[in-house]
Amino acid sequence: MTSSETRRQDAAGDAPVRLGHRQITTVMSGLVLGMFLGALDQTVVASALRTIADDLHGLTAQAWATTAYLITATLATPLYGKLSDIHGRRPVYLAAIGLFTAGSLLCGCATSIYELAAFRAVQGLGGGGLMSLAMTIVADITTPRERGRYQGYFMAVFGGASIIGPLAGGALADRETLLGIDGWRWIFLLNVPLAAVAAVAIVRVLRFPHRRVRHRLDYRGALALAVGIVPLLTVAEQGRTWGWSSLPALLLYAVGGLGLVAFVVVERRMGAAALLPPRLFRIRAFRLGVGLHFVVGIGMFGAMTTLPLYLQLVRGMSPMEAGLATLPTVAANLAVTLLVGRLIARTGRFKVHLVAGIGSFTAAMLVFATLRVDSPLWQAALGMALMGAGLGASMQTLTTLAQSEVPRTDMGAATASVNFFRSNGGTVGTAAFLSILFSTAGGRIAERLAEARRDPAYRRLLAQPDNAHALAGVLRPGGGVDLEDSAFLRALDRGAALPFLEGYIASMRLVFLTGAAVALVAFLVAAWRVPNLTLSDE
């Protein structure tokens, strides 16, 4: 980039705003409410998703409710970066809150798992802005060295949401009805008053100068990106049903590939107005930051989706009990996030924390991969603590890495790109990991069930009236099992349920081993390729 181009960029966009600590914390008070809204939604839904899926008779299709949200959030995130550069952060942030609220109301009225997925997609259109715009605004008003400290507050918000979300989700999912409405529906309906409070806070505190950037909106890029991503993510979700080499899967591979090629061509032609400006990818720190966000996002979202299923399906916990059991993750995440943020602000160094964080997350996946039906709870708690510490140290430092060498005038697009790649990784991780789980669980359960049935004592156990009634409709004539609704596990005798639990845990171990392999790739890249930068205080 030439010096004249740099001067023209510096004359556009949000001008650097130097605020004191008190002014920054005032702005942060509004931002954390908006981010809390998005973070709480993810954690509260995850803890109750099994109950929701059972109620809507779609356990094996539950990934759609998560991936639909992540797909639209992923696609919308880069647009929010551009829109906020053009129109200012506050009006675009308020629009994101409005879309998120509308989606929440619709989710509360869903009557099937696919309807819920469609409404979660609307939610995601708003949720994509709640996260990325908050981080962009912090980058607008802080220096690179200060940024780690204040972004640490956002990670603390995630920690708080991780405590409140599973407990609230579990409590509501455990209630059959509340004020005449299914308990789980309140998970979405309660977003409405929270969103109103967040909107009022944003209007009151988010007041600093904005210089309009005269960009065209890259609608063609957004369309090409949608054509590229949606088919590939659909295959990730449905491949186990269709077959990975079936005609529908091959057609979607082709459409997705053509869409991604078209996206690259469009972005090069759009230049400065591109949705994901190609010039950013010439910055090494940015390339590494967004690439690692994608890889870590695969493992993070995959683990966060699978772990509640282990606690509820295998350990037999209620949604609320499963939420309480995840407290080691929350406590470790909160403590490490705040500590690392202060250390970065003091020293300006972040690579050591990034590498240690990804290493800790890799170790957590390996611990989860050793879990068995009868494993002591402390073993799972150890993995959760390692995962919380790893995410606390790595996620904020990855964002800092990606932003470290980006001009302020590109900060909106850059931060949106960071969230785009993390969300994309999360979408891939959720769809692929749940696909691995449910594509292998049926066969492994059938194998263990056939083996157990050779024992006369087990056949007598299945013949008991309560067990026979619970398994009615679950066992298929050919020896297969119907896993659309897991409610039967709660009614089965523990001995009768053992083959089912062993089949589930065998598939979950495969999922966690896959997550460990993905995290190990990120660890090796971070250790060897991330530059050991010292952040500036200007």
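For this chain, numbers begin at 1 and follow the sequence in order.
- Scanning both residues, Gly129 and Ala96, for their nearest heavy atoms gives CA-CB, 4.1 Å.
- The shortest distance between side-chain heavy atoms of Leu194 and Val197 does not fall below 4.5 Å.
- With sequence neighbours excluded, no residue forms a side chain to side chain donor-acceptor pair (under 3.5 Å) with Thr72.
- Listed by chain and residue number, nothing satisfies the side chain to side chain donor-acceptor pair (under 3.5 Å) test with Glu451 (two or more places apart in sequence, or in another chain).
- To the nearest 0.5 Å, atom SG of residue Cys109 and atom CG of residue Leu189 are 7.0 Å apart.
- Among pairs with a residue in residues 366-394, those fulfilling ring pair (Phe, Tyr, Trp, His ring centres under 6.0 Å) read Phe368-Phe512, at least two apart in sequence or across chains.
- The two residues Ser394 and Gly390 come nearest to each other via the heavy atoms OG-O, 2.8 Å.
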| Between His353 and Gln396, is a side-chain contact (heavy atoms from CB on, under 4.5 Å) present by the stated rule, with each step listed? | CA-CA 10 Å; His353 309 299; Gln396 62 177 312; over 6 Å; no
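- With sequence neighbours excluded, no residue forms a side chain to side chain donor-acceptor pair (under 3.5 Å) with Ser245.
- Using modelled atom types, no side-chain atom of Gln123 and backbone atom of Tyr69 make a donor-acceptor pair closer than 3.5 Å.
- Arg444 contributes no side-chain N or O that, together with a main-chain N or O of Gly503, makes up a donor-acceptor pair within less than 3.5 Å.
- Here the straight-line distance linking atom CD of Glu502 with atom CG of Leu449 works out to 10.5 Å at 0.5 Å rounding.
- Contact detail for Pro308 and Ala303: the closest heavy-atom pair is CD-O, 4.3 Å.
- Under the 4.5 Å side-chain criterion, counting only non-hydrogen atoms from C-beta, Leu292 is in contact with Val530.
- For the pair Arg372 and Arg509, the minimum side-chain heavy-atom distance is below 4.5 Å.
- Of the candidates Val367, Asn333, Leu311, Leu311 is the only one forming a side chain to side chain contact (heavy atoms under 4.5 Å, CB included) with Met384.
- Smallest separation of non-hydrogen atoms from Val418 and Ala402: CG2-CB, 3.4 Å.
- The distance from atom CG of Leu513 to atom OG1 of Thr370, rounded to the nearest 0.5 Å, is 9.5 Å.
- In this structure, the side chain of Ser104 engages the main chain of Phe100 through a donor-acceptor pair within 3.5 Å.
- The minimum heavy-atom distance between Ile436 and Leu510, with the atom names listed, is CG2-CD2, 3.7 Å.
- Using a 4.5 Å cut-off on side-chain heavy atoms (C-beta onward), Asn191 and Thr101 make no contact.
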| request: Begin from the C-alpha positions of Leu434 and Leu309 and carry the test side-chain contact (heavy atoms from CB on, under 4.5 Å) through to its verdict. | output: CA-CA 10 Å; Leu434 286 181; Leu309 290 175; 3.8 Å; yes
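- Counting heavy atoms from C-beta on, the side chains of Leu501 and Arg494 come closer than 4.5 Å.
- Shown here for Ala519 and Phe361, the closest heavy-atom pair between the two residues is CB-CD2, 3.7 Å.
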| request: Show your reasoning for whether side-chain contact (heavy atoms from CB on, under 4.5 Å) applies to Arg453 and Leu462. | output: CA-CA 9 Å; Arg453 279 173 156 171; Leu462 289 184; 3.8 Å; yes
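- One N or O on the side chain of Tyr80 and one on the backbone of Leu125 form a donor-acceptor pair closer than 3.5 Å.
- The side chain to side chain donor-acceptor pair (under 3.5 Å) search around Arg315 returns Tyr310, not counting sequence neighbours.
- Residue Asp493 places its CG atom among more than 12 non-hydrogen atoms of other residues, nucleotides or ligands, all under 6.0 Å distant.
- The distance from the CD atom of Gln464 to the CG atom of Leu492 is 10.5 Å, given to the nearest 0.5 Å.
- The closest donor-acceptor contact from the side chain of Arg120 to the backbone of Gly103 lies at 3.5 Å or more, if one exists at all.
- Judged purely by atom type and a 3.5 angstrom limit, Thr326 has no side-chain atom pairing as donor or acceptor with the backbone of Thr329.
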| message | Quick one, Phe433 with Leu437, criterion side-chain contact (heavy atoms from CB on, under 4.5 Å). Give me CA distance, side-chain angles, the key distance, then yes/no. | response | CA-CA 6 Å; Phe433 283 22; Leu437 173 61; over 6 Å; no
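- The shortest side-chain heavy-atom distance between Phe188 and Leu105 does not fall under the 4.5 Å cut-off.
- Looking at heavy atoms from C-beta onward, Leu232 lies in side-chain contact with Leu260 at the 4.5 angstrom threshold.
- Residue pairs meeting the side chain to side chain donor-acceptor pair (under 3.5 Å) criterion with at least one partner in residues 288-300, sequence neighbours excluded, are His293-Thr399.
- Here OG1 of Thr514 is found 11.0 Å from CE of Met365. Values are rounded to the nearest 0.5 Å.
- Met508 places none of its side-chain heavy atoms less than 4.5 Å from the side chain of Leu371.
- Taking CG of Leu377 as the start and CG of Leu382 as the end, the distance is 11.5 Å to the nearest 0.5 Å.
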